[in-house]
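Have a look at the structure below before the remarks.
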There are 2 protein chains.
Amino acid sequence: MSKRIAGPEIERLIQLLAKVPGLGPRSARRAALHLIKKKEQLLVPLAASMNDAVDKVRVCSTCGNVDTSDPCTICTDPRRDGATLIVVEDVADLWALERASAMNVRYHVLGGTLSPLDGVRPEDLNIRSLIARIAEGGVSEVILAVNATVEGQTTAHYITDQLSGMDVKVTRLAHGVPVGGELDYLDEGTLAAALKSRTAF
Amino acid sequence: MSKRIAGPEIERLIQLLAKVPGLGPRSARRAALHLIKKKEQLLVPLAASMNDAVDKVRVCSTCGNVDTSDPCTICTDPRRDGATLIVVEDVADLWALERASAMNVRYHVLGGTLSPLDGVRPEDLNIRSLIARIAEGGVSEVILAVNATVEGQTTAHYITDQLSGMDVKVTRLAHGVPVGGELDYLDEGTLAAALKSRTAF
Ligand SMILES: [Zn+2]
Ligand SMILES: [Zn+2]
């Protein structure tokens with residue numbers, strides 16, 4: 001707001017809400033006003049829920065997922081098949097695959113992709129922990145569900161090389177993922193189909 | 001999420017974020033993940049800001065605006081002209097007018113519109129406090145900036161009647177073609193009003 005029309009606390013709330021993905025400056029004002037009006041029904045519980053998240057959310061030391069327990073809900077779920085491991089770049093991709101797929105598998109979150117230009121080297125990603133997980137045994141297939149970008153494919157090749165001596169099948173998502181597309185923005189049907197038609201890497 | 005993939009605290013955060021205007025269920029997941037990743041930069045300050053709002057935001061007892069002080073920033077601003085009072089239905093309208101206008105005026109928030117069907121009577125709106133403010137003196141013009149709906153116009157007529165014995169000019173917003181609006185897409189009522197109120201070119 002150009003003119004000062006409310007106390008600094010409300011302007012700060014609007015500024016912070018504007019940084020939330022999906023909300024711009026205009027939506028942030030509307031959201032702030034809605035939250036203030038629905039104080040007991042929405043603002044109070046949302047603030048409490050955020051404080052809860054601040055206190056309790058951590059990164060899973062096994063797979064790199066975020067959750068309120070470590071190991072995470074997925075890593076400790078006894079109904080999931082530990083023999084299949086889906087490798088993703090980001091937690092958002094893990095969540096997208098979970099929504100799309102009926103596969104009860106486990107995951108490994110790399111935390112990014114190799115990028116010599118941006119100075120992202122293998123040791124900057126969760127690759128060593130992936131190798132260690134597979135070396136422990138029990139994993140028969142690794143599905144490389146990385147983005148269909150240059151960096152994603154470079155990362156997939158690097159991991160495939162690292163796993164070449166190990167007794168594990170390496171597959172990747174079927175083409176059907178648009179070239180240059182990011183998993184998190186894909187519709188669930190395409191994701192499910194791509195997962196089903198995965199091919200040997 | 002259909003499957004349980006994260007602890008209840010994260011699922012609750014997603015559910016609450018989905019109730020914020022501008023965010024749907026899908027955006028809420030993305031927003032939650034972004035907040036968790038940007039914990040120190042965004043989640044912690046946003047939670048603190050919301051707690052601050054819960055503690056400090058109140059309704060201005062003079063005009064009905066929401067702010068962290070009572071009377072509000074606008075009511076206590078000495079540079080504003082107390083002789084002109086803009087009457088609005090909602091705080092959102094006050095904020096919109098502040099963004100749109102360079103007029104340094106004061107406001108009065110009705111908190112809704114008269115609606116016999118929904119059981120909203122004059123005593124349910126901040127009309128008595130409006131009359132009292134004007135009776136105190138110092139207000140020479142009241143601009144009725146209510147929505148151009150049946151309820152808005154009914155409310156405007158009622159307020160005009162109530163103010164008829166008082167020494168104050170009552171005006172309303174001009175009807176017309178929205179800036180950038182295309183004639184072809186405008187309703188006939190707006191077009192007829194714009195034609196009637198035509199100005200010299
Ligand atoms: Zn995990
Ligand atoms: Zn006020």
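Everything quoted here is computed from the prediction, not taken from an experiment.
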For the [atom1] atom on [X], are there more than 12 heavy atoms of other groups (residues, nucleotides or ligands in this structure) within a distance under 6.0 Å?
| X | atom1 | value |
| --- | --- | --- |
| D167(B) | CG | no |
| R26(B) | CZ | yes |
| D161(A) | CG | yes |
| K39(A) | NZ | yes |
| K38(B) | NZ | no |

Among residues 53-75 of chain A, residues within the sub-4.5 Å heavy-atom range of chain B, in order of number, are A53(A), V54(A), K56(A), V57(A), N65(A), V66(A), D67(A), T68(A), T73(A), I74(A)
Region of L35(B) in contact with chain A, defined by heavy-atom distances below 4.5 Å: side chain
Checking heavy atoms, do the side chain of N51(B), its backbone, both or neither come under 4.5 Å from chain A? both
Rounding to 0.5 Å, atoms CD1 (I14(A)) and CH2 (W95(B)) come to a distance of 4.0 Å
Testing the basics here: between S49(B) and R12(A), what is the closest heavy-atom pair and its distance to 0.1 Å? OG-C, 4.1 Å
For the student: nearest non-hydrogen atoms of P21(A) and A31(B), plus distance: O-CB, 4.1 Å
Pick from V20(B), D52(B), V91(B), L43(B) with the largest number of heavy-atom pairs that fall under 4.5 Å of chain A: L43(B)
Looking only at heavy atoms and a cut-off of under 4.5 Å, which of K19(B), R30(B), H34(B) has the most pairs with chain A? R30(B)
Check L42(A), V44(A), L46(A) against M50(B) for a side chain to side chain contact (heavy atoms under 4.5 Å, CB included) and give me the one that passes. L46(A)
The interface call for I36(A) against chain B, heavy-atom contacts under 4.5 Å, is side chain
Restricting to pairs with a member in residues 143-154 of chain A, which pass side chain to side chain donor-acceptor pair (under 3.5 Å), not counting sequence neighbours? E89(A)-N147(A)
